Amino acid sequence: MSNQGAATDTPPASAASLYLTLAPVALVAGVYLAIFLVLRKSQRRYYAPRTYLGSLRPSERSPPLPNGLFNWIGPFWKIPDVHSLQHQSLDAYLFLRFLRIIVVVCFVGCCILWPVLFPVNATGTGSAEQVDILSYSHVNRDTQTNRYYAHTFMAWIFYGFVMYMIMRESIFYVNLRQAFLLSPFYANRISSRTVLFISVPDEYLDEARLRKIFGDAVKNVWIAGDTEKLDDLVKERDKVAMKLEKAEVKLLKLANANRIKAMKKGGSNGRAEAPADAEPGSLAARWVPNKKRPTHRLGPLGLVGKKVDTINWCRTELLRIIPAVEAAQTAYRAGTYTKVPSVFIEFYHQADAESAFQVLAHHQALRMTPKYIGITPGEVVWSALKISWWQRIVRRFAVLGFISALIIFWAIPVAVVGIISNVTYIAHRVFFLSWLLSIPDVVLGLIQGLLPSVALSILMSLVPIIMRLCAKLSGEPSLSRVELFTQNAYFAFQLIQVFLVATVTSSASSVVTQIMDDPQSATTILSENLPKASNFYISYFIVQGLGVASGVLSQVVGFIIFTIMYKFLTGTPRALYTKWANLSAISWGSVLPVYTNIAVISITYAAIAPLVLGFATIGLSLLYLAWRYNVFFVTDTTIDTRGLIYPRALKQLFSGVYISELCMIGIFATSVAIGPLILMIAFLIFTVLFHLTINSAIDPLLYNLPRTLGVEAESKEMRMEGSTTRNGSHSTAQEGISDAKKISSADTAVAGKKPGFLSKFLKPWQYCDYEAMRKLVPHDAVDTNNLYTDEVERNAYFPPSVSSGTPLLWIPEDPLGISKQEIQDTPPVISITDEGCTLSDKNKLEWDTETVRPPVWEEKIYY
């Protein structure tokens, strides 16, 4: 983005200029890689947490790698990508698959285009110089227009291959999704059997009427309600409880610190000095005077107002708040609340839920629609459930209008950053800014160099945040839908601002001006600037491939922040555990569009400046390897879109095909190459027809599960249960899935058919069909027949504040025994424990980070 507008003035690239770009980036990448290799050996928590963390189930962990500098590379390379499918999520696996697919597309593009187009371009008689002789601009448009036939037919072959790959991978995804969602691992989950209806009319916010509509297949109904007051109560309860926990820990640390000082001065450990008839709290009072006990003020921000003893005040407040919360929760469960127009309906079987999801539920337009299936309780955006049908429409259009304006005029803040980077030049020419020249050179250098870079980074990081906020405001009811919305919107931003605007001009407004002056010049403007800008994108791919990939792998900044926060900003056992046990997650909506855009740029330049494909292949390969390591050993999946990020990214690749075809049409038109022009127009029409056909054929399968496979899956499950019953209640489930040849999570190969590579590649509907994909699905992760307790299932789709229990307070055990007294003095309305963490003789919190699960650990529920 910082190079926006520079593309139009990019000079001819030379080997020397590419080296000057490569050298500093390679140096930084080398440093990052060295840091990673060294820290990986000792900092297992940050660079390989998925191999051992106790917060993960054994089935979710990855095999540990050797601990040497380089001996881990071989075992890492041998782990197949499908490992992430069986040990993490469908999204994680398809993210890696997408990166691998676009690497394959770029590599095959090199193999197809380079042998033909390099000689055709290099032997041209145009005016291009240096590396630019390898692009189409070196073909003389006046005397060598027949050479454009080579570009045309090679474009046909390559873009035909790209479209085939999109179709092939879409078929692969449909089969994998069906196998995954119909497996017992997913089919028995409550989210797979629950449908969310929004915009439900008031007369149907009645459980009896809903059961009458959907029949005996309904198991549970949750009618959403307004919980604003209860939310405030629960928030206040948790705030006071955490304040009490922090105050208790602070008191224990103060007492222990005074004990350590006394021991250093030659005193006893304090236990014998405590009176035998000590009243509750007297032991703490012996080591911490009343004036030193934790206190706070009751006024705004804790800065003004009456000063109170924090521990005593919190205990008193909890005695008031906790019963009030429990009473409000009981009232909600009894149905005494204001209903909102959204309903969760759980069915006994997945097939029944799918039927309800696919059927037309209401006779009026925009009522009980849209519907959603597969939404887990933890990802529901509860504020969106209150929105009525007409508000949803208004919000949607308003959000789309805002995002369109944001994308078009984003060049304005970027231009301001560019002005800051040239402040010296401007100060010499603008009289009222001349005072800036009196600033010391060092400060001025920081303003011009560091400040614009930081400001631009902040600006770019704000875009996905803004788009996620827009998604929630538009009424998206789940975090997975928010990510999918962000993926589309952020890709549009990347395509227009990072690619098209940077290619054509320095601001979107000037593009509009040029097109308004001559509307027919749009393709010509783009086609004339594309070859010139290719040199910029060669550098861009070098930076992405070396700089960004090494940064993704080493995560130096993240490691420093994690270390600082863990050592200095975690003052309670709970904070220590939370920071230690929570893995970083990949935000699909903001990560995937960046790499989709790189692929689109590569596809666009394929027939125009094919050298770009080589650098894209190398850059994307390095990014793939870096993300592969992170997915296997570092990151976790918190938002599950059930793989829907993949077909969206695949379809977005069509953008590159369309842009390239339009630009080549513009090139041939300006060169008056009639034959190639007609052929490219014909291929554009074919592309549109192919795109429409793919959408109409595959789209229904992306969001719905077919009834045929649903019935088949249920029959297999019944046969499995029958086999289990005949052979004893504890027999393995393998016998019931004999035709699927159930494999453990460690197995990865698809057994059975042994087709050749070409057959497998050309016939995905035969060799990557539903039965083949079933063998990749994890079967041994959990007991799929006993996923939930009655209480968990009963509370599943209540708002969080309704099912939220009183938190367990966790304090460290101290040598003086004060923690035991504090536990006794804490009111019984809230539980408190000092197990699993101790205060050391250095007054530091210590707990077992590997084997023991702390009191606040909660088993992950597969909703």
Side-chain angles (χ1 to χ4, degrees), residues 233-262 270-271 273-275 277-326 569-578 804-840 843-847 854-856:
L233 270 176
V234 170
K235 185 177 179 181
E236 185 183 3
R237 180 200 66 188
D238 292 348
K239 181 181 177 182
V240 174
M242 293 305 103
K243 184 185 282 287
L244 174 59
E245 184 179 84
K246 289 178 182 177
E248 293 281 13
V249 174
K250 184 178 180 181
L251 177 68
L252 294 173
K253 284 186 174 181
L254 286 171
N256 197 44
N258 290 334
R259 180 189 71 85
I260 294 169
K261 288 179 183 177
R271 286 185 183 274
E273 296 177 19
D277 59 344
E279 294 293 324
S282 63
L283 189 53
R286 185 172 191 84
W287 292 99
V288 181
N290 283 337
K291 63 180 181 180
K292 294 291 186 181
R293 283 173 62 88
T295 59
H296 69 281
R297 294 185 181 275
L298 298 179
L301 302 177
L303 301 176
V304 295
K306 181 183 176 182
K307 181 184 284 189
V308 295
D309 182 285
T310 300
I311 293 175
N312 294 332
W313 180 85
C314 288
R315 288 172 177 170
T316 304
E317 283 295 293
L318 289 174
L319 284 171
R320 176 184 63 86
I321 298 172
I322 291 175
V325 169
E326 292 174 350
L569 299 178
T570 49
T572 65
R574 185 188 305 274
L576 277 175
Y577 170 71
T578 302
S804 172
T806 303
L808 168 68
L809 303 186
W810 186 22
I811 61 175
E813 183 181 9
D814 68 308
L816 293 169
I818 297 175
S819 63
K820 305 296 183 186
Q821 279 196 347
E822 293 299 310
I823 290 172
Q824 292 175 3
D825 293 344
T826 301
V829 293
I830 188 166
S831 301
I832 181 170
T833 182
D834 63 353
E835 297 176 1
C837 186
T838 58
L839 273 174
S840 69
N843 210 27
K844 299 291 184 183
L845 297 173
E846 292 183 348
W847 67 289
V856 295

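Computation of the quantities below employed the complete heavy-atom set of this structure, encompassing side-chain atoms and omitting hydrogens, waters and symmetry-equivalent molecules. Since we're looking at a predicted model, the values are computed, not measured.
Side chain of Asp834 to main chain of Ser819: no donor-acceptor pair is present (N/O by atom type, distance under 3.5 Å, no hydrogens or angles). Side chain of Trp810 to main chain of Glu835: a donor-acceptor pair is present (N/O by atom type, distance under 3.5 Å, no hydrogens or angles). Formation of a donor-acceptor pair under 3.5 Å by the Arg574 side chain with backbone atoms of Leu808 is found in this model.
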Notebook entry, point to check: Given Val240 and Leu244, is the side-chain contact (heavy atoms from CB on, under 4.5 Å) satisfied, shown in steps?
Noted result: CA-CA 6 Å; Val240 174; Leu244 174 59; 5.6 Å; no
Next item on the list: Would you sort out whether Ile311 and Glu822 count as a side-chain contact (heavy atoms from CB on, under 4.5 Å), showing the intermediate values?
Entry: CA-CA 10 Å; Ile311 293 175; Glu822 293 299 310; 4.3 Å; yes
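Counting heavy atoms from C-beta outward, Arg315 and Asp825 have side chains that approach closer than 4.5 Å. Using a 4.5 Å heavy-atom cutoff, the side chains of Glu245 and Glu248 are not in contact. Contact annotation: the side chain of Val249 approaches that of Pro812 to within less than 4.5 Å [non-hydrogen atoms, C-beta and beyond]. Annotation: side chain of Leu576 is in contact with side chain of Trp847 (closest heavy-atom distance under 4.5 Å). You'll find the side chain of Val308 reaches within 4.5 Å of the side chain of Lys306, heavy atoms only. Residues Pro807 and Met242 have side chains in contact (heavy-atom distance under 4.5 Å, counting atoms from C-beta outward).
Taken from CD in Gln824 to CD1 in Ile832, the straight-line distance is 11.0 Å, to the nearest 0.5 Å. Atom CZ of Arg286 and atom CZ of Arg259 lie 14.5 Å apart (nearest 0.5 Å). To the nearest 0.5 Å, the span separating CD on Glu236 from CD1 on Ile321 amounts to 3.5 Å. Distance check, rounded to the nearest 0.5 Å: NZ of Lys292 to CG of Leu254 gives 8.5 Å. The distance from atom CG of Leu809 to atom SG of Cys314, rounded to the nearest 0.5 Å, is 9.5 Å. Residue Thr806 holds its OG1 atom at 8.5 Å from CG of Leu318, rounded to the nearest 0.5 Å.
Between Arg293 and Asn290, the side chains place no donor N or O within less than 3.5 Å of an acceptor N or O (distance only, hydrogens not considered). Side chains of Arg237 and Ser804: a donor on one and an acceptor on the other come within 3.5 Å. Inspection of the Asp814 and Asn256 side chains reveals no N or O donor paired with an N or O acceptor under 3.5 Å. No hydrogens or angles considered: nothing links the side chains of Asp309 and Thr295 as a donor-acceptor pair under 3.5 Å.
Minimum heavy-atom separation, Val288 to Ala255: CG2-N, 3.5 Å. Nearest heavy atom pair, residue Asn843 against residue Leu839, reads OD1-CD2, 3.9 Å. When all heavy atoms are compared, the tightest approach of Ala247 to Thr310 is CB-CG2, 3.6 Å.
Lys253 NZ: more than 12 foreign heavy atoms inside a 6.0 Å radius.
Between Arg320 and Glu317 there is a salt bridge, with a side-chain nitrogen of the basic residue lying less than 4.0 Å from a carboxylate oxygen of the acidic one.
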